[in-house]
Amino acid sequence: MFPKLLSSQILIYNCILLFSFSLSVNYFVDFEIVNYIAYVLFHLTLVYLVFYFFNFYLIFLSFLYGIFFDVFLIDNISPHLISFLIFVALFYFTKKYLLNLSSNKVSFLIIFITLSMFLFEAIIANLQFNYPVNFENLFRLFTTTIILFFPSLLIFSKIDKL
C-alpha cells in the first residue's frame, strides 16, 4: 500500500494540487485568469485523483486542502471543507457503481462533479456566512472548467502512462 502512495503518478498529481493551490490562494490582480485556471485545475485534479487513484489518504488530503482553502479565501472554515469531504465520502460509498461506468461517462461525471462543487461551495458560503453568490465569478469558473477540461484530461492520461 505504501509504495502505491509513493508512485510517480501520485506524486505528480500531488505536485499539481500543491502548485495549483498555491496559485489560487495568491491573488494576482493583473492576471486574474491565472487564479481561475489554478482554482479549476485544483478541483479537476482532485476529482480525477479520487476517481482513478482512490485511497484513504485522500480523505486527509481533502480535509487539509479544504481547511486551507477556507482560511485563505473566505477567512472561515466550512464551504470547501464540507464540499471536499462530502464528495470523497459519496465517492467511497458509490465507488463500486461508479467504477463500472465507461470512460466517457466517467469523464462527463468528473466535469459535472467539478461544476457542482463550485456551486455547492458558493451556496454553503452564502448560507453560513452571508457571503454573496457572485454569478459572474461562477460563470467564469464554469467557462474556465469547460475550456480546461479536455486539455487537462489529455495531460492526466499522459501522466497515467508514466
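In this text, all values refer to a predicted model and were calculated from it rather than measured experimentally.
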Residues in side-chain hydrogen bond (donor to acceptor under 3.5 Å, both in side chains) with Ser83, at least two apart?
-> Glu121
Spell out, yes or no, whether Phe118 and Ile33 are grouped together once hydrophobic residues are joined by side-chain heavy atoms under 4.5 Å, including indirect joins.
-> yes
Should we count NZ of Lys95 as having more than 12 external heavy atoms under 6.0 Å?
-> yes
Ile159 side chain reached by Ile16 side chain, heavy atoms, under 4.5 Å = yes
Run the ring-centre check on His43 versus Phe84 and record whether the distance is less than 6.0 Å.
-> yes
Side-chain touch Ile111/Val47, heavy atoms, less than 4.5 angstrom = no
Would the number of heavy atoms belonging to other residues, nucleotides or ligands and lying under 6.0 Å from CZ of Phe142 be above 12?
-> yes
Please examine the side chains of Leu138 and Val133, heavy atoms only from C-beta on, and report whether any two atoms are closer than 4.5 Å.
-> yes
Would you kindly say whether Tyr36 and Asn137 are connected by a side-chain donor-acceptor distance under 3.5 Å?
-> yes
May I ask you to test the His80-Ile124 pair for a side-chain heavy-atom distance under 4.5 Å?
-> no
Can you tell me how far CG of Asp160 sits from NZ of Lys158, rounded to the nearest 0.5 angstrom?
-> 11.5 Å
Please examine the side chains of Asn76 and Ser78, heavy atoms only from C-beta on, and report whether any two atoms are closer than 4.5 Å.
-> no
Exceeds 12 heavy-atom contacts within 6.0 angstrom, atom CZ of Phe129 = yes
Side-chain contact test, heavy atoms from C-beta onward, threshold under 4.5 Å: evaluate it for Phe149 versus Leu115 and give yes or no.
-> no
hydrophobic_cluster_shared for Ile113 and Leu90, side chain cutoff 4.5 Å | no
Which class fits the ring pair Phe21 and Phe69: parallel under 30°, tilted 30 to 60°, perpendicular over 60°?
-> perpendicular
Report the relative orientation of the aromatic rings in Phe108 and Phe150; use parallel for angles under 30°, tilted for 30 to 60°, perpendicular for over 60°.
-> perpendicular
Would you kindly confirm whether Tyr48 and Leu162 end up in one hydrophobic cluster when ILVMFWY residues are joined by side chain heavy atoms under 4.5 Å apart?
-> yes
Would you indicate whether Tyr52, at its atom OH, is surrounded by more than 12 heavy atoms from other residues, nucleotides or ligands within a distance under 6.0 Å?
-> yes
Return the set of residues passing side-chain hydrogen bond (donor to acceptor under 3.5 Å, both in side chains) with Asn134 (not counting sequence neighbours), or none when no residue passes.
-> none
With the 4.5 Å side-chain cut-off for hydrophobic clustering, are Leu64 and Ile86 part of the same group?
-> no
Cluster overlap Tyr39 with Ile123, hydrophobic side-chain contacts below 4.5 Å | yes
So Phe42 and Tyr65, would you call those rings parallel, tilted or perpendicular, with 30° and 60° as cut-offs?
-> perpendicular
Side chains of Thr114 and Phe87: closer than 4.5 Å at any heavy-atom pair?
-> no
Residues Ser24 and Leu73: closest non-hydrogen pair is O-CD2, 3.9 Å
Asn35 versus Val25: any side-chain heavy-atom pair under 4.5 Å?
-> no
